[in-house]
Amino acid sequence: MGLKDQLRTDLTTAMKARDKETSGTLRMIMTAIGAAEVAGKDRVELSDEQVLAVLTTEAKKRREAAAAFDEGGRADMADKERSELAVIVTYLPEQLTEDEIAKIVADAVEKTGAAGEGMRAMGKVMGLVQPQVKGRADGSIVAAEVKKQLGS
């Protein structure tokens, strides 16, 4: 069963269980997937990898919104965003720890020989790191680690 089918099945289950939080979040996810499928000239069926990319984007939106609501003193809205994020995270692969990200970046810096090049080598290092962390780490965290190791 594909990821999209799993989401659809879980949505049906949540609706039958009258779980408003989960069903609402899954509806938003299915809407985002549908929008991605019709975004180009032709309608396409998203692969599991593309559905995972949509889920990653939606998770990032929820993290950023929760932080913004916290800053604005809206704890109730921040909690709502975090509860939606908790539902989305169950469909994402296990996230990498900071230590794992640091090791992947260090290996990439070593492989590319970018240690002495500074920030000019950022693209080279990120190009090697991104495929390894795709869907398993937030890009901004990875970029910050690359900058740190390249000595920005």
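The first residue in the sequence is number 1, and the count goes up from there. Just so you know, these numbers use all the heavy atoms, side chains as well, and skip hydrogens, waters and symmetry mates.
T22 places no side-chain N or O within donor-acceptor distance of the main-chain N or O of D19, the cut-off being under 3.5 Å.
Expressed to the nearest 0.5 Å, how far CD1 of I141 lies from CD of Q95 amounts to 8.5 Å. Once rounded to the nearest 0.5 Å, the distance linking CD of E145 with OG of S140 reads 12.5 Å. Put simply, OG1 on T13 and CZ on R8 are 13.0 Å apart, with the number rounded to the nearest 0.5 Å. For the atom pair CD (E110) and OG1 (T112), the distance works out to 9.5 Å, reported to the nearest 0.5 Å. Atom CD1 of I33 sits about 8.5 Å away from atom CD of E58, to the nearest 0.5 Å. Between I88 atom CD1 and R62 atom CZ the span is 4.5 Å, to the nearest 0.5 Å.
Listed here is the closest heavy atom pair of Q149 and A102: NE2-O, 3.0 Å. For the residue pair A78 and A66, the shortest heavy atom distance occurs at CB-O, 3.6 Å. Smallest separation of non-hydrogen atoms from L92 and A59: CD1-CB, 3.9 Å. Taking all atoms of both residues into account, the shortest heavy-atom contact from L46 to A36 is CD1-CB, 3.8 Å.
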Would you give me the side-chain donor-acceptor pairs under 3.5 Å for residues 24-31, sequence neighbours excluded?
unit_1	atom_1	unit_2	atom_2	d
T25	OG1	E21	O	2.9
T31	OG1	R27	O	2.9

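Residues E64 and K61 are not paired through a salt bridge, judged by the lack of any N-O separation under 4.0 Å between the basic side chain and the carboxylate.
Counting only residues at least two apart or in different chains, side chain to side chain donor-acceptor pair (under 3.5 Å) contacts with residues 97-106 comprise T97-E100, K103-D107. Evaluation of the side chain to side chain donor-acceptor pair (under 3.5 Å) test over residues 122-134, restricted to residues two or more places apart or in two chains, returns E117-K124.
Counting heavy atoms from C-beta on, the side chains of D76 and R74 come closer than 4.5 Å. Inter-residue side-chain proximity for L55 and L3 is flagged as met; some heavy-atom pair is nearer than 4.5 Å. With a 4.5 Å cut-off on side-chain heavy atoms, K4 and E37 count as touching. Between L7 and V51 there is a side-chain heavy-atom pair separated by less than 4.5 Å. When side chains are defined from C-beta on, L52 counts as touching P93, because their heavy atoms get closer than 4.5 Å.
Shown here are the salt bridge (charged side-chain N to carboxylate O under 4.0 Å, His left out) partners of R18, two or more places apart in sequence or in another chain: there are none. With sequence neighbours excluded, no residue forms a side chain to side chain contact (heavy atoms under 4.5 Å, CB included) with A67. Contacts of D79 classified as salt bridge (charged side-chain N to carboxylate O under 4.0 Å, His left out), with partners at least two apart in sequence or in another chain: R82.
Both Y91 and L11 belong to a single network of hydrophobic side chains, linked directly or stepwise wherever heavy atoms of I, L, V, M, F, W or Y lie under 4.5 Å apart. M77 and L85 fall into different hydrophobic clusters, defined by Ile, Leu, Val, Met, Phe, Trp and Tyr side-chain heavy atoms under 4.5 Å apart, directly or through other members. Put simply, M122 and V125 are part of the same group of oily side chains (I, L, V, M, F, W, Y) that touch within less than 4.5 Å, one to the next.
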